[in-house]
Amino acid sequence: MTGHMTPEQFRQHGHEVVDWIADYWTRIGSFPVRSQVSPGDVRASLPASAPEQGEPFSAVLADLDRVVLPGVTHWQHPGFFGYFPANTSGPSVLGDLVSAGLGVQGMSWVTSPAATELEQHVLDWFAELMGLPESFRSTGTGGGVVQDSSSGANLVALLAALHRASKGATVRHGVRPEDHTVYVSAETHSSMEKAARIAGLGTDAIRVVEVDGDLAMSPGALRQRLARDVARGYTPVLVCATVGTTSTTAVDPLAELGPICQEYGVWLHVDAAYAGVSAVVPELRALQAGVEWADSYTTDAHKWLLTGFDATLFWVADRAALTGALAILPEYLRNAATDTGAVVDYRDWQIELGRRFRALKLWFVVRWYGAEGLREHIRSHVAWAQELAGWADADDRFDVAAPHPLSLVCLQPRWAADVDADVATMTLLDRLNDGGEVFLTHTTVGGAAVLRVAIGAPTTTREHVQRVWTLLGEAHDWLANDFAEQARERREAERREKAAAEEQFRANRAAQLEAEAAAAAEAAAAEAATVEAAAAAPEVETPAAWDESASQAAAQADLAEADPEPQADPEPQGDPAAEAGTD
């Protein structure tokens, strides 16, 4: 039986694992970006039952290549342009390794003071690096915490807002879904609606605020909806504004939304999951103008800031509302430090009780790269995205479908009028992704399918951006030519079909005319034959002549019957004139 791995065995195999990861990073560009396996392939390569006896570590490493890698979509690949980036880096992986090696449970200050205080300090560093308001610092009324995801951050923000709106009643009595309302836009991440469901409000509590032409939440529409709901007796709880929407990176106008939220006493939560970290670059902070109005704020270091998942940075301006909603202290967690109120217990800032030492990897990253290294990482990707958008603007094969303030560009291919544009666009996407060199995803803008090119993988360079643009053009040309050839074939088929129909019509008409001529000739011949036969036949009395003869015969018979004996002619009388002449 294999026993526990000794420190020396760990040292040996740990080196092997680090070597394996380093080799993977070296050769990552040689893999197809998207996994090529079919559903069930990975499981089919695994034994039906767990091993009864322990196996050598070499067998496990071998199966990384045999079983795992074929089923991996390579998020760190330089050709990965899908979704949003999911960064990691050497310092982040090593920080996670140390966290895993320490294996602490950081639910309370007392369970590992460093896990809490390092996290507080690193979150204060980032609040300063991003130019966030003083109220978000641990030295003020609020503070920061590392959450597992922005979905979780959105949920705890809603719970804190419900606690404040109900003056603590939700802790005792639960929510009143028929009373409370939550405001999002059509572009808000789906996790906010999910949070409303989990919190017990349900989807009916969600109000969808209209967006403007740039897909940003309309302040006027928000004010109208708030006024209408208040007039109907609802209690507005939270407005979720987004900086950098998932679909297109649209930016809601915080500076205009903030005063409206304050006027109605509504909690303003800012979901900046992807885009928030861009504020480490001073010239990009204008996108978040008005952030000082926010009651809570979330952004993901694990998307675009070189830190592995999970590393969501979450701040509140009033930590009392957050801990009021989430704090619970069973006897077995009581301790002197907590009782004094002088420490932070992060278990009261999150859904879960337990928590990993996530701050270590953030600490490793910021110390390795420094603030300037982080800024350069963001700046380069934004610059390449703007360059890509410029190429598309100058090309008659593509349109830029939405504003592109950061490192995401949404491209809408142009197609011929007789082509189904959405089908063509999705066919182009499939062609690119099936090629394995790059991976893109899509969204819809104005009801039309568009391609998202999200630049952000740490290994991506300007040359990779140029390459995806080349591939986009080549795929578009190939498909456009294919569609044109199909259209030509359809037109030719239609021409042939029309010609055949016309030929058939002419043949049918000729046959009809021939048949009509034959019928006419046959009729004429029949008529001529009748005339000829009539001329050649002996004359016969017609019925009318026969009737006349019969009448005459009858008259003669009647005379004979009246005078049966014939009479002698009378003596001729002499002509007096003649007689006179004889004298």
Side-chain angles (χ1 to χ4, degrees), residues 4 7 10 91-128 132 134-153 155-157 159-160 163-164 168 170-172 296-298 300-302 307-367:
H4 294 302
F10 174 78
S92 175
V93 171
L94 295 175
D96 248 344
L97 179 61
V98 174
S99 174
L102 291 174
V104 304
Q105 228 295 12
M107 56 190 175
S108 301
W109 179 89
V110 72
T111 62
S112 279
T116 296
E117 294 192 18
L118 183 64
E119 188 163 327
Q120 286 180 288
H121 208 73
V122 168
L123 268 291
D124 281 352
W125 277 359
F126 276 102
E128 181 182 12
L132 296 177
E134 289 290 334
S135 59
F136 285 169
R137 313 290 174 86
S138 63
T139 51
T141 57
V145 60
V146 183
Q147 299 282 3
D148 61 350
S149 64
S150 279
S151 295
L155 175 57
V156 297
L159 296 175
H163 183 270
R164 188 178 78 176
T170 53
V171 172
R172 301 184 301 276
S296 55
Y297 181 99
T298 182
D300 292 334
H302 59 246
T307 308
F309 187 84
D310 49 354
T312 292
L313 314 182
F314 176 69
W315 289 271
V316 287
D318 178 11
R319 57 179 174 265
L322 180 64
T323 59
L326 299 175
I328 187 167
L329 185 61
E331 184 61 33
Y332 54 81
L333 291 179
R334 296 185 66 90
N335 62 84
T338 296
D339 289 344
T340 65
V343 298
V344 164
D345 291 333
Y346 271 137
R347 60 187 175 78
D348 297 333
W349 293 52
Q350 62 178 25
I351 299 300
E352 308 90 341
L353 171 64
R355 60 198 328 272
R356 297 187 299 113
F357 198 164
R358 296 189 187 99
L360 272 176
K361 58 189 172 187
L362 283 165
W363 191 46
F364 276 40
V365 165
V366 73
R367 293 192 66 185

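Computed from a predicted model, the values in this text were never measured in an experiment. For reference, positions follow the sequence shown, starting with 1.
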(request) Please examine the side chains of Phe314 and Trp349, heavy atoms only from C-beta on, and report whether any two atoms are closer than 4.5 Å. (result) no

(request) Would you check if Leu362 and Trp125 make a side-chain contact, meaning some heavy-atom pair closer than 4.5 Å? (result) no

(request) Mind checking the OG1-CE spacing from Thr116 to Met107? Nearest 0.5 Å is all I need. (result) 10.5 Å

(request) Determine yes or no for a side-chain-to-main-chain donor-acceptor pair under 3.5 angstrom, with Ser138 supplying the side chain and Gly143 the backbone. (result) no

(message) Using 0.5 Å steps for rounding, measure from the CD atom of Gln147 to the CH2 atom of Trp315.
(response) 11.5 Å

(request) Would you please name every residue forming a side chain to side chain donor-acceptor pair (under 3.5 Å) with Arg367, sequence neighbours left out? (result) none

(request) Could you tell me whether a side-chain N or O of Glu352 sits under 3.5 Å from a main-chain N or O of Gly354, the two making a donor and an acceptor? (result) no

(message) Please report the interatomic distance CD(Gln350) to CG(Leu322), rounded to the nearest 0.5 Å.
(response) 10.0 Å

(message) Can you give me the closest heavy-atom contact between Ile328 and Pro330, atom names plus distance?
(response) O-CD, 3.5 Å

(request) Kindly give the heavy-atom pair with the smallest separation between His302 and Asp148, and that separation in Å. (result) CE1-O, 4.3 Å

(message) Can a donor-acceptor pair be found, under 3.5 Å and without considering hydrogens, that links the side chain of Thr312 to the backbone of Ser150?
(response) yes

(message) A side-chain contact here means heavy atoms from C-beta on lying under 4.5 Å apart; do His121 and Trp363 qualify?
(response) no

(message) Using side-chain heavy atoms (C-beta onward) and a distance below 4.5 Å, is Leu326 in contact with Leu159?
(response) yes

(message) Tell me whether Asp318 contacts the main-chain N or O of Ala320 through its side chain, where contact means a donor paired with an acceptor under 3.5 Å.
(response) yes

(message) By the salt bridge (Lys or Arg N to Asp or Glu O under 4.0 Å) test, which pairs, at least two apart or in different chains, include something from residues 115-128?
(response) Glu119-Arg355

(request) Kindly compute the distance separating CG (Leu360) from OG (Ser92), expressed to the nearest 0.5 Å. (result) 10.5 Å

(request) Determine which pairs satisfy salt bridge (Lys or Arg N to Asp or Glu O under 4.0 Å) with at least one residue from residues 95-114, sequence neighbours left out, and list them in order. (result) Asp96-Arg356, Asp96-Lys361

(message) Parallel, tilted or perpendicular: which one describes the rings of Phe136 and Tyr297, with boundaries at 30° and 60°?
(response) tilted

(request) Would you name the heavy atoms of Ala153 and Thr298 that are closest together and state the gap between them? (result) CB-OG1, 3.4 Å

(message) What's the separation between atom CZ in Arg358 and atom CZ in Phe309, rounded to the nearest 0.5 Å?
(response) 8.5 Å

(message) Among Leu313, Val365, Asp300, which residue satisfies the side chain to side chain contact (heavy atoms under 4.5 Å, CB included) criterion with Thr307?
(response) Val365

(message) Show the nearest heavy-atom pair for residues Ser296 and Ala157, with the distance to one decimal.
(response) OG-CB, 3.6 Å

(request) Provide the closest heavy-atom pair for Ala115 versus Gly106 in the form atom of the first, atom of the second, distance. (result) CB-CA, 4.4 Å

(request) Please list, chain by chain and in numerical order, all residues satisfying ring-ring contact (aromatic ring centres under 6.0 Å, His included) with Phe357, sequence neighbours excluded. (result) none

(request) With the side chain counted from C-beta on, respond yes when Thr111 and Val104 share a heavy-atom pair under 4.5 Å apart, and no when they do not. (result) no

(message) Test of understanding: with salt bridge (Lys or Arg N to Asp or Glu O under 4.0 Å), list the residues that count as partners of Asp345, not counting sequence neighbours.
(response) Arg347

(message) Suppose we screen for side chain to side chain donor-acceptor pair (under 3.5 Å). Which residues come up paired with Arg137, at least two apart in sequence or across chains?
(response) none

(request) For Val145 and Leu123, run side-chain contact (heavy atoms from CB on, under 4.5 Å): C-alpha distance rounded to whole Å, both residues' side-chain angles, the deciding distance at 0.1 Å, then the answer. (result) CA-CA 7 Å; Val145 60; Leu123 268 291; 5.7 Å; no

(request) Could you tell me whether the side chain of Leu333 reaches within less than 4.5 Å of the side chain of Thr338, counting heavy atoms only? (result) no

(request) May I ask you to test the Trp109-Val344 pair for a side-chain heavy-atom distance under 4.5 Å? (result) no

(request) Please tell me if the side chains of Asp310 and Ser149 come closer than 4.5 Å, counting only heavy atoms from C-beta onward. (result) no

(message) So, taking the atom named CZ in Arg164 and the one named OG1 in Thr170, what distance separates them when rounded to the nearest 0.5 Å?
(response) 12.5 Å

